[in-house]
Each structure stands twice: as structure tokens, then as C-alpha cells.
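These notes are about the structure you will find just below.
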Amino acid sequence: MSTTASDPLATLGSLPGVPDAVDSVRKAVDRVYGHRVMRRRSNEVTAEAALRGSRGSAALAGADWNLEEVRRRTDFSGEDEARMVGAALRLTAEAGQLLSIWRQSPLRVLARLHLVAAGGATPDDAVGRPRLAGESVDEPLIEASLPGAEEVAGRLEGLSRLIIAGGSAPALVTAAVVHGELLALRPFGSHNGLVARTAERIVLIGSGLDPKSICPAEVGHAEQGRAAYVAAFEGYTAGTPEGMVAWITHCGRSIELGVRESTAVCEALQRGAA
């Protein structure tokens with residue numbers, strides 16, 4: 001993040017184009033929450049959103065499986081892609097359990113997310129802690145320059161302070177910054193993309209924008225494609241106002257596409273087809 005204002009997230013929320021994106025996301029979320037199926041069957045919509053969000057996050061990490069394969073599969077050990085899908089599913093399941101801790105200790109939550117994602121696939125002494133100087137990062141898709149361990153520690157602490165302090169920034173802005181910052185830092189030796197997208201989910205749920213977790217932004221990120229995801233992220237790393245707006249609006253569009261997906265689920269449930 002390249003702003004030095006006392007409430008930098010609120011400052012980002014006032015950039016040209018961002019208020020419109022925030023308003024568009026809010027209206028979309030309100031519409032799906034107002035669907036008649038949500039009155040009695042919201043748990044089913046939540047479960048389906050979790051499955052589809054996990055599939056989307058794994059797809060961005062290189063494991064682009066068909067939804068029905070994710071639904072059918074019970075063993076996620078073995079090949080790399082299966083382990084990646086399994087990690088995404090575990091993280092989505094874990095996200096809802098960490099909401100009460102997030103606002104008090106976000107770094108503790110991030111450590112837990114990495115532990116869950118690694119699932120024993122990473123050497124024990126590297127799991128759940130930021131990487132040390134000289135340690136490598138295995139991260140598909142993101143090829144931006146890698147900050148050093150000292151910079152990672154400082155920026156993680158700064159991000160933690162922003163989250164704990166709260167503020168007046170819209171949920172979309174906070175979620176986009178958390179997501180972007182974790183992608184930029186890649187603080188762990190592996191699974192940083194999965195962790196970053198799960199942290200985005202936690203912010204959206206905990207902020208009250210999507211309390212039932214039925215608007216999977218991961219679906220929208222995957223639907224827009226890996227190239228668009230990387231291009232928008234490059235705007236974040238550039239740190240310019242235009243770049244930040246591009247990233248925030250990309251995240252907003254991803255949420256809206258997640259809303260569209262869950263609206264389709266609601267319609268299917270209403271027809272008795274789910």
C-alpha cells in the first residue's frame with residue numbers, strides 16, 4: 001500500500017470509481033440475500049457457495065477441476081492438483097471458525113490458514129510462520145518481485161494494525177487490500193494465493209457484507225480468468241491510484257459474479273433441481 005493517510009483504507013475508498021464499485025457490490029449482495037430461498041434454505045446455499053468458491057480458488061492456483069469432480073472426489077491426496085483442491089476445501093471450511101480471532105489477531109489467523117493449507121505437505125518448521133531470509137517460495141501464477149523477509153515482517157505488522165484498528169473503509173476495500181497485500185508479500189513458503197483469497201473471504205463475512213458466506217469472490221476471480229487476475233494485481237503492486245482502483249474494482253466484480261453464481265443456486269433450489 002502506498003498511502004500514508006491516518007486511515008489509508010478509507011482514503012482508498014474515496015478514489016474515483018471505488019464508491020461506484022462499492023455501491024454496485026452492495027446492491028448485488030442485497031438482491032441475493034433477499035431471494036425467497038434464503039428464508040429457509042440459506043444453509044444449502046452457503047454449502048454450495050463454499051464448494052464453488054473452493055473450486056475457483058484452486059483453479060487460480062493451477063488445479064482447474066470440473067465442479068462435479070470436486071463434488072464427487074473424496075480423496076485429495078496423491079497428485080499435486082488433488083492436494084491443491086483439498087487445501088482449498090480445507091481453507092474454506094476453516095474460514096468460518098476464525099472470525100472471532102481475526103479482528104484481534106489477524107497474524108494468528110494467517111498462521112492457522114497456512115497450517116491448514118499445507119496439511120503436512122511442507123516441512124514442519126516452515127508451516128504457519130512467515131518465511132525467513134533465504135527461504136524460497138513455491139507460488140503458482142504470481143511472478144511479481146518477492147519482498148525480503150524483513151519487509152514482509154514489517155508490512156504484515158502494518159496490515160495487522162490496520163485490521164485491528166478497524167475504520168470506516170467499505171468491506172470491499174478492506175477485503176481487496178488484504179487480498180492484494182498477501183499476494184504481494186507471499187509471506188509463506190507455499191499456498192499464499194489460497195491463503196490470500198481465504199483472508200478476503202473472512203473479511204467479507206466478518207464485515208457483515210456477506211455474513212452467511214454466500215457470495216464467493218473466488219468464483220468471480222476464476223471466471224474472469226488468470227490473465228485478468230494477474231493484470232489487476234499488477235495494478236495493486238504498482239501502488240498508483242489508478243492501479244489500486246483497478247484492483248479494487250476487479251475484486252468487486254468478482255464478488256458480483258459470485259453473487260450471480262449463488263443466485264443461480266437459489267433458482268435451482270426453488271425449482272427443486274438442486
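Of the possible donor and acceptor atoms, none in the side chain of Arg83 sits under 3.5 Å from a partner among the backbone N and O of Phe76. Judged purely by atom type and a 3.5 angstrom limit, Thr263 has no side-chain atom pairing as donor or acceptor with the backbone of Val32. Not one N or O on the side chain of Asn192 forms a donor-acceptor pair closer than 3.5 Å with the backbone of Leu183. Side-chain atoms of Ser160 do not come within 3.5 Å of backbone N or O of Leu156 as any donor-acceptor pair. Between the Thr240 side chain and the Gly243 main chain, a donor and an acceptor come within less than 3.5 Å of each other. Side-chain N or O atoms of Arg186 include one that pairs as donor or acceptor with a backbone N or O of Ala184 at under 3.5 Å. With hydrogens and angles disregarded, a donor-acceptor distance shorter than 3.5 Å links the side chain of Ser207 to the backbone of Leu204. Looking only at distances, no side-chain donor or acceptor of His35 sits under 3.5 Å from a matching main-chain atom of Ser262.
Pairing each heavy atom of Val178 with each of Ala199, the nearest pair is CG1-CB, 3.7 Å. Minimum heavy-atom separation, Thr249 to Gly17: CG2-O, 4.3 Å. Closest of all the heavy-atom pairs between Val18 and Leu12 is CG2-O, 3.6 Å. For the pair Pro147 and Ser145, the tightest heavy-atom approach, listed with the atom from each and the gap, is CD-O, 3.5 Å. Among all heavy-atom pairs drawn from Leu91 and Leu113, the shortest one is CD2-O, 3.2 Å. Minimum heavy-atom separation, Gly193 to Glu139: N-OE2, 3.1 Å.
Residue pairs meeting the ring pair (Phe, Tyr, Trp, His ring centres under 6.0 Å) criterion with at least one partner in residues 194-228, sequence neighbours excluded, are His179-His221, His221-Tyr229, His221-His250. The stretch residues 15-25 participates, sequence neighbours left out, in these salt bridge (charged side-chain N to carboxylate O under 4.0 Å, His left out) pairs: Asp23-Lys27. Pairs engaging residues 126-135 under the salt bridge (charged side-chain N to carboxylate O under 4.0 Å, His left out) rule: Arg129-Glu135 [sequence neighbours left out].
Shown here are the side chain to side chain donor-acceptor pair (under 3.5 Å) partners of Ser14, two or more places apart in sequence or in another chain: there are none. Take Asp30 and apply the side chain to side chain donor-acceptor pair (under 3.5 Å) test, not counting sequence neighbours, and it matches Arg26. Applying the side-chain contact (heavy atoms from CB on, under 4.5 Å) rule to Ala10 yields the partners Asp7, Ser168; only residues at least two apart in sequence or on another chain are considered. Not counting sequence neighbours, Arg36 has no partner by the side chain to side chain donor-acceptor pair (under 3.5 Å) test. Not counting sequence neighbours, Ala111 has no partner by the side-chain contact (heavy atoms from CB on, under 4.5 Å) test. Partners of Ala93 according to the side-chain contact (heavy atoms from CB on, under 4.5 Å) rule, which considers only residues two or more places apart in sequence or in another chain, do not exist here. With sequence neighbours left out, Ser105 forms a side-chain contact (heavy atoms from CB on, under 4.5 Å) with Ile101, Arg108. Scanning for side chain to side chain donor-acceptor pair (under 3.5 Å) contacts around Glu151 gives Arg155, with sequence neighbours left out.
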Check against side-chain contact (heavy atoms from CB on, under 4.5 Å), Val177 and Val203: CA-CA 10 Å; Val177 167; Val203 172; over 6 Å; no
Derivation and outcome, side chain to side chain donor-acceptor pair (under 3.5 Å), residues Ser213 and Arg201: CA-CA 8 Å; Ser213 193; Arg201 173 183 284 266; 2.5 Å; yes
Worked verdict on Trp102 versus Ile164 for side-chain contact (heavy atoms from CB on, under 4.5 Å): CA-CA 8 Å; Trp102 176 253; Ile164 293 170; over 6 Å; no
Intermediate values then yes/no, salt bridge (Lys or Arg N to Asp or Glu O under 4.0 Å), Arg73 and Glu69: CA-CA 6 Å; Arg73 190 78 168 253; Glu69 174 65 13; 3.2 Å; yes
Residues Ile255, Asp210; criterion side-chain contact (heavy atoms from CB on, under 4.5 Å); working and verdict: CA-CA 10 Å; Ile255 297 169; Asp210 181 23; over 6 Å; no
side-chain contact (heavy atoms from CB on, under 4.5 Å) assessment of Glu218 paired with Leu60: CA-CA 9 Å; Glu218 305 96 321; Leu60 285 171; over 6 Å; no
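The side-chain heavy atoms of Arg161 and Glu157, taken from C-beta on, include a pair separated by under 4.5 Å. In this structure, Met84 and Leu194 have side chains that are in contact, with non-hydrogen atoms separated by less than 4.5 Å. In this structure the side chain of Leu98 reaches within 4.5 angstrom of the side chain of Arg112, judged on heavy atoms. The shortest distance between side-chain heavy atoms of Phe188 and Leu182 does not fall below 4.5 Å. Counting heavy atoms from C-beta outward, Ile214 and Tyr33 have side chains that approach closer than 4.5 Å. For the pair Val245 and Glu242, the minimum side-chain heavy-atom distance is 4.5 Å or more. Annotation: side chain of Ser190 is in contact with side chain of His114 (closest heavy-atom distance under 4.5 Å).
Grouping the Ile, Leu, Val, Met, Phe, Trp and Tyr side chains by contacts below 4.5 angstrom, directly or via other members, places Val45 with Leu209. Side-chain heavy atoms closer than 4.5 Å link hydrophobic residues (I, L, V, M, F, W, Y) into clusters, and following such links, possibly through other members, connects Leu162 to Ile248. In the hydrophobic clustering of ILVMFWY residues, with side-chain heavy atoms under 4.5 Å counting as a link, Ile163 and Val152 come out together. Hydrophobic clustering of Ile, Leu, Val, Met, Phe, Trp and Tyr side chains at less than 4.5 Å, counting indirect connections, unites Val116 with Ile202. Note on Leu99: it clusters hydrophobically with Leu107, by side-chain heavy-atom contacts below 4.5 Å among ILVMFWY residues.
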For residues 47-57, dump all side-chain donor-acceptor pairs below 3.5 Å to protein atoms at least two apart in sequence or in another chain.
unit_1	atom_1	unit_2	atom_2	d
Glu48	OE1	Arg71	NH1	3.0
Glu48	OE2	Arg52	NE	2.8
Glu48	OE2	Arg52	NH2	3.1
Glu48	OE2	Arg71	NH1	3.4
Glu48	OE2	Arg71	NH2	2.8
Arg52	NH1	Glu261	OE2	3.0
Ser54	OG	Ala50	O	2.8
Ser54	OG	Ala88	O	3.4
Ser54	OG	Thr92	OG1	2.7
Arg55	NH1	Asp64	OD1	2.8
Arg55	NH1	Trp65	O	2.8
Ser57	OG	Arg197	NE	2.7

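For the atom pair CG (Leu172) and CD (Glu256), the distance works out to 9.0 Å, reported to the nearest 0.5 Å. Here the CG atom belonging to Leu159 is positioned 8.0 Å from the CG atom belonging to Leu185, to the nearest 0.5 angstrom.
When the shell of 6.0 Å around CD of Glu79 is examined, it contains more than 12 heavy atoms from other residues, nucleotides or ligands. Dense packing is recorded around CD of Gln104, with more than 12 heavy atoms of other residues, nucleotides or ligands lying under 6.0 Å away.
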